[in-house]
Each structure stands twice: as structure tokens, then as C-alpha cells.
There are 2 protein chains.
Amino acid sequence: MPKKRVLPYIILGILKQNPGLSGKEITEQFTCEIGEFWKASHSQIYPELKKMLADKWIEKRSKEDNAKEIDYFLTLNGKSVLKEWIDQPLELPVNRDPFSLKMFFINDKDDPRVNELIDEEKRLLKEQLAHLKMREALLFDDEKRIQQNYGHYLILTRAISRIEGQIAWLKSIK
Amino acid sequence: MPKKRVLPYIILGILKQNPGLSGKEITEQFTCEIGEFWKASHSQIYPELKKMLADKWIEKRSKEDNAKEIDYFLTLNGKSVLKEWIDQPLELPVNRDPFSLKMFFINDKDDPRVNELIDEEKRLLKEQLAHLKMREALLFDDEKRIQQNYGHYLILTRAISRIEGQIAWLKSIK
DNA sequence: CGGTCCATGTAAACCGTTACATGATTAA
DNA sequence: TTAATCATGTAACGGTTTACATGGACCG
């Protein structure tokens, strides 16, 4: 049994919310919108798009004979494939967390590296928190936008809540 | 530049805390102790052990001519390699979270899948929370054990706090 | 023209999972 | 003794990252 594929479903989701994006624009989505939850580089995305074209999950419409810009759209088939994926049972991910790993291997409570790791992790989390709060202020400044992109709003507030919780925990142990 | 390797350092850490483990026993550590933070199957671990032997990070001492059980120990070199890795700058991991991904693609606040996803995620988190609390009760029932495995204690309480926070958030949005 | 940028594309190396294989020990 | 089990090992496949390549567009 092959490992579960996720990337094509993410691309389907991106294209459903933003019909007509190019490969480049899809790549940018991974750095900004869903970068907290998945990373993918263009060298993964372009071959994946070709495969999805071959499978008739998406179609392309090169507008104005411009050879460079290629715009992709979901097919009806692609829409149902996306629906099916969302309805598949959830699984909890493994949290590959370098902070926890390194801390795990320090036995002595008074090891100076304990506080070093805590400070470094706190700094990183605060950076990420600032970024997420900026996104929240930018994207969801009124109730209407929340209603129209409810899932996006939820996971953004969830990520913020998660990081705030982690920072609070880090503060609580010092 | 190759991608950062993590597995050998985890194995070093495991062997530092449990000198003389076999490949099988190292594999078991990944299912129970650090399974929240990293997964690795035996088919990854055995070749990695051979590579670490060749690099003189670990050494083996087959006791009693028993061909089956192979016990591994850190070399002095391996100890310093582990120290170096812990001192490397931290990086925040990408949280590959299926729940967030799927939720991201649901736009309508009243889509029934919103609550389905929330309920399913809540169930999974409660399962994991129960497991972690069991581990906590089992491993850290007195202050002395906490002092002697402080890092392990920290990351266990951190994971518990994280999951409790996520569950609380899930409850808060319904 | 000539050079640079840019969207797209390709190649190579490594990681991780799944499935299968081996050889010794144990159990019926 | 045969069968099952177990620790170890190997093979194949796909995913991900890094680096490099192409070919048109834009600008001097």
C-alpha cells in the first residue's frame, strides 16, 4: 500500500478557492496562506499539475495565446475528488518538533541548555505569532469575510491559539 | 546542500539515555516514548545503525556470542556529535495537520462538515491526551523521577498542555 | 542585439513507508 | 521435527529537497 498522497488534494483545494491560478501562483499560496500546515516547492508542484491534468482532475486554459501563463481550473471530476478526500477519516499527524526532541535528551534540570532552548523556542514562537496575527488583521477585518471563508478563519485562529498556549506554557515553567 | 538529517541524532540520544539497547529496542522507543515527536520504522533504523557504526558514532558489543541480540553504545565521538546537534539553532517545524488542511477548504460556516471535522478531531485528541496522561502517571509519579529525567518530563507536560489547549479551543467554537 | 529576469521544467540525492526476505530461536 | 515467532535485514516505490536547465519576455 503506497503512502497517502496529500499534495494533489491541497492543490485541488487551492484551485477551488482561487480558480485560474498559475503554477507560480499556486506555489505562492504555500508560502503565505497554508505555509503553517504544508510546504511544497515549485519543483513538486509543476509535475503534480501535469499528473492532475492527465487524470482529468484539472484543466488548463492558456488565455490569449500567452505561452508563459498557464491557468488551471478544477474539472467536475476534480471537485468530487476533493469532496471525497475531505470526507476521509482524519488522522493525527506526528509533530516533528526539534524543540521537544532536543529537550527530551537533557536529563539534568539545571543543565544551562534547558533555558537556552526555552528562550530560543519562545523567540521563534513569538515571531510566528506576530505573522499570524498580521494575517488575521489583514484577511478578517470584518464579519463578512469571516462568514465567506469560515474554514480559513477557523484554522488561523486555531494556529494563533495554539501558539499562544505554547508561549504561555514556556513562561509557566521558568 | 542536503536536507538536514535528524534520525541519527535521535538514535544517539536514545542510546545515551539507554546504553546497550538493541535495534529492536530502539525501534520500540519510537512507538512509545518519542512517538509524539518522531516516527521511524525498523527498516530505517537498522541501516542507520550500520551507518553510525561505520562513522564511529556508536559501537556494538554482542554479548555472549548471541548472534541475534546486538547491543549498541555511544562512542566518545558519538557523545560529542549529539552535543553539537543539540546546540544547533532551533527551527520551527511545519505542522502537517490534516484537520487544518481540510477545514481550510470549507468556506461556508454552515457546511455540516465543519462540525463533523471538529467532532472527529476532538475524539482523536482526547484519545491521545488519555495516552499521554497515562504515560505521565506511569513515569513521573514522584519528584525524584522528574528531577532525573527533566527534559522528558517537560516535553510530556508540554504535549499534554498543547492537546488540552486544542481541545479547549475546539469546544470554544461550537 | 545582448543581458537579465522569470515561469516553467528536470535531475539527482536522500528520506520514509510498505512489503518481503533471512536465519536463528522457541514451541507444539 | 515442523511450524511459528522474532530480530534483523533488504527491495521497491513514492515524496521532498536542492540544484540546475530551458526558453520566452522585458529592458538596455
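Here is how names work: the chains are called A, B, and so on, in the same order as the sequence lines, proteins then strands, and each is numbered from 1. For the numbers below, each heavy atom of this structure counts, side chains included, while hydrogens, waters and symmetry mates do not. Worth saying up front: this structure is predicted, and the values here are computed from it rather than measured.
Distance, A:Leu21 CG to C:dT8 P: 11 Å, rounded to whole Å. As a whole-Å value, the separation of A:Asp71 CG from C:dA7 C1' is 12 Å. What separates NZ of A:Lys39 from P of D:dT17 is a distance of 9 Å, to the nearest Å. In this structure, the CD1 atom of A:Ile45 is 13 Å from the C1' atom of D:dT17, given to the nearest Å. Atom pair A:Lys24:NZ and D:dA25:C1' shows a separation of 15 Å (rounding to whole Å applied). Atom pair B:Glu25:CD and D:dA7:P shows a separation of 9 Å (rounding to whole Å applied). Taking atom NZ of residue B:Lys51 and atom P of nucleotide C:dG16, one finds them 13 Å apart after rounding to whole Å. Rounded to an integer number of Å, the gap from CD of A:Glu48 to P of C:dT8 is 16 Å.
Cluster membership for B:Ile160 and A:Val94, using ILVMFWY side-chain heavy atoms within less than 4.5 angstrom, is not shared. Side-chain heavy atoms closer than 4.5 Å link hydrophobic residues (I, L, V, M, F, W, Y) into clusters, and following such links, possibly through other members, connects A:Leu139 to A:Ile163.
The cationic group of A:Arg145 does not satisfy the cation-pi geometry with A:Tyr153, failing either the under 6.0 Å distance to the six-membered ring centre or the 45° limit from the ring axis. Cation-pi check for A:Arg96 over B:Phe37 is not met; the charged atom does not lie both under 6.0 angstrom from the ring centroid and within 45 degrees of its normal.
For C:dG16, neither phosphate oxygen OP1 nor OP2 lies less than 4.0 angstrom from any side-chain nitrogen or oxygen of B:Arg96.
Taking the six-membered ring where tryptophan is involved, the planes of A:Trp85 and A:Tyr9 are essentially parallel, since the angle between them stays under 30° and well short of 60°.
B:Glu48 pairs by the side-chain hydrogen bond (donor to acceptor under 3.5 Å, both in side chains) definition with B:Arg5, not counting sequence neighbours.
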Report each atom pair, protein N/O against N/O of nucleotides 10-13 of chain D, whose distance is under 3.5 angstrom.
none

